[in-house]
There are 2 protein chains.
Amino acid sequence: MKDNNDMPGHLARRFQQIAVAVFLAEVGEAGFDLTPVQYAALATIKANPGLDQVTLAGLIAYDRTTITGVVDRLVQKGLAERRASSRDRRARELEITDEGRRVLRKITPAVESAQAIMLRGLSAKEGEELMRLLRKAIAAGNELSRAPLREIQA
Amino acid sequence: MKDNNDMPGHLARRFQQIAVAVFLAEVGEAGFDLTPVQYAALATIKANPGLDQVTLAGLIAYDRTTITGVVDRLVQKGLAERRASSRDRRARELEITDEGRRVLRKITPAVESAQAIMLRGLSAKEGEELMRLLRKAIAAGNELSRAPLREIQA
DNA sequence: CGATATTGATCAGTATACTGACTATCAGTA
DNA sequence: TACTGATAGTCAGTATACTGATCAATATCG
C-alpha cells in the first residue's frame, strides 16, 4: 500500500505548510505582519503600477475571489490603494503607497532568509534542482487549477 | 530583483494549488466528494484503528485544531466514527466505518491517477527526484511548523 | 443599433490552516 | 494526597482558496 510519503500531493501540502510557517516566523521576527500571499501581491503591484485585480491575480496565480480579500487587507494596512479605473469603470487600478514601498524594502532580508531556511536540508545544487522540477511540473499543470498563471498581454 | 519563480515558497504554493485541483477533479469525476485532507485522514484511521485525534494529526502533520473539523465532516458523511476512549476520558477513539472502507477502496484509482497527473510534466526519473528532494526538505523543516509529523510511539 | 456574450469585481458558503484561549482530565511529584 | 504541569479536544477569530452566483460595464457580432 502506498505511503503518504509516496504521494506528491501530500509532499506538496507538507512543504507548503512549512514554507508558510517559516515565512511568517522570519517576517514576524523582523517586526512585520505580512503573509506570503500579501507579500507577493504587494511586490507585484509595485512592479506593475496601475494594474487591475484580474491582472494581478493572473500574475501570481491567485483566484480572483481570493484577491478581493487580499487587496482589502493591503489597503486596510495602508500599503496599497484601490482606485476606480478611468478606462474601464468595472476595474480597480492598484497602486503601492509610500508606506508599502518602505515595508517592501525593509522586509526583503527576512523574505530572502525565509527562502533559504525552507531549503536548509538541501545542498545548493539540490535546492536549484528542486526549484527546476517544481517549475516544470507547475508549467505542465498550469491550466488545471482555477487560478492559472497569466502573463501580461503586450 | 528576484522573480517569483526563484522563490521556493511561491513554487510550493503553486504546486500545492495544482495538486489539490487535480485531486478534486479526479475524485469528483469518479463520483466522490472527498478532499485530499479528508482522504489522508480516512486512510490513516483505517491503517491505525482506534487511534485518537492527536495521534492522527501527528501522523499526517495536521494541526490539532484542524483535525476537529476534518473528523467532524468524515463522521457527518458516515465514513468514520468518534467514540469516547475507555483508557483516557479526554480522548476520542476513531474508527473507519464499512462505508468508509468501501469509499476508500473505490476511490483509490482516482487518487493514484491524480498523483500521476500532478507529475505529468516530468519524466518518471524526474518525478522520483522531485519527491526525494521534497522529502528531504520536509524532514529538515519538520519542526518549523505548528503541526510537525509525529511517529507513533512504540 | 441592439441583442448577446464576456469581463471585472464582489458576495455567500464551505474547507483547510493557524493563533490563542479554555475546559476537562491525566501524570508526576512534593 | 494535594499541587503542578502537561495533554486531548474544542472554540472564537483570522487568512487563504475554492464553487457558484450576481451585478455592472464592456465587447462583439448580426
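Computed from heavy atoms alone, side chains included, the values below leave out hydrogens, waters and symmetry copies.
- B/Leu94 has its side chain out of reach of B/Glu81: every pair of non-hydrogen atoms, C-beta onward, lies at least 4.5 Å apart.
- One can find a donor-acceptor pair under 3.5 Å joining the base of D/dA25 and the side-chain atoms of A/Arg90.
- Protein atom CZ of A/Arg146 is 11 Å distant from nucleotide atom P of D/dA21, rounded to whole Å.
- Side-chain atoms of B/Asp52 lie closest to D/dA8 of the nucleotides D/dA8, D/dT19, D/dT16.
- Of the candidates D/dT10, C/dG8, C/dA9, the closest approach to any side-chain atom of A/Asp88 belongs to C/dG8.
- Between A/Arg92 and B/Pro36, the residue anchored nearer the 5' end of DNA chain C, judged by the nucleotide with its closest heavy atom, is A/Arg92.
- Atoms CD (B/Gln76) and P (C/dA15) sit 8 Å apart, rounded to a whole Å.
- At whole-Å resolution of the value, OH in B/Tyr39 and C1' in C/dT16 are 19 Å apart.
- Distances from the side chain of A/Arg13 to the nucleotides C/dT10, C/dG8, C/dA17 place C/dA17 closest.
- Scanning both residues, A/Leu144 and B/Ala21, for their nearest heavy atoms gives O-CB, 3.5 Å.
- Atom pair A/Arg14:CZ and C/dC18:C1' shows a separation of 14 Å (rounding to whole Å applied).
- Across all strands shown, A/Arg89 has heavy atoms under 4.0 Å from sugar-phosphate atoms exclusively, and none from any base.
- You'll find that the side chain of A/Thr66 is closest to D/dA17, out of D/dA17, C/dT16, C/dT10.
- Residue A/Thr68 is classed as a base contact, given a heavy-atom separation below 4.0 Å to a base.
- Considering only side-chain atoms of A/Thr65, the nucleotide from C/dC11, C/dG8, D/dT16 that sits closest is C/dC11.
- For B/Gln38 and C/dA15, the CD to P distance is 7 Å, given to the nearest whole Å.
- B/Ala147 comes within 4.0 angstrom of the backbone, heavy atoms only, and of no base.
- Taking every side-chain heavy atom of B/Gln53 into account, D/dT10 is the closest of C/dT19, D/dT10, D/dT19.
- Side-chain contact between B/Gln16 and B/Val20 is present, with heavy atoms from C-beta onward closer than 4.5 Å.
- For B/Arg64, counting side-chain heavy atoms from C-beta on, the closest listed nucleotide (C/dA21, C/dT10, C/dA15) is C/dA21.
- One atom, CD1 of A/Ile18, and another, C1' of C/dA17, lie 14 Å apart when rounded to the nearest Å.
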- Yes or no on side-chain contact (heavy atoms from CB on, under 4.5 Å) for A/Val54 and A/Ile67, after CA distance, side-chain angles and deciding distance? CA-CA 8 Å; A/Val54 165; A/Ile67 275 290; over 6 Å; no

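- For the pair A/Asp33 CG and C/dC18 P, the interatomic distance rounds to 17 Å; values are reported in whole Å.
- Counting heavy atoms from C-beta on, the side chains of A/Glu126 and B/Arg132 come closer than 4.5 Å.
- Per the geometry, CZ belonging to A/Arg87 stands 11 Å off P belonging to C/dG8, to the nearest Å.
- Distances were taken from every side-chain heavy atom of B/Gln16 (C-beta onward) to each of D/dG20, D/dG9, C/dA17; the shortest belongs to C/dA17.
- Closest approach of A/His10 to B/Ile60, counting heavy atoms only: NE2-O, 3.7 Å.
- Under the Watson-Crick or G-U wobble criterion, with both distances below 3.5 Å, D/dG9 is paired with C/dC22.
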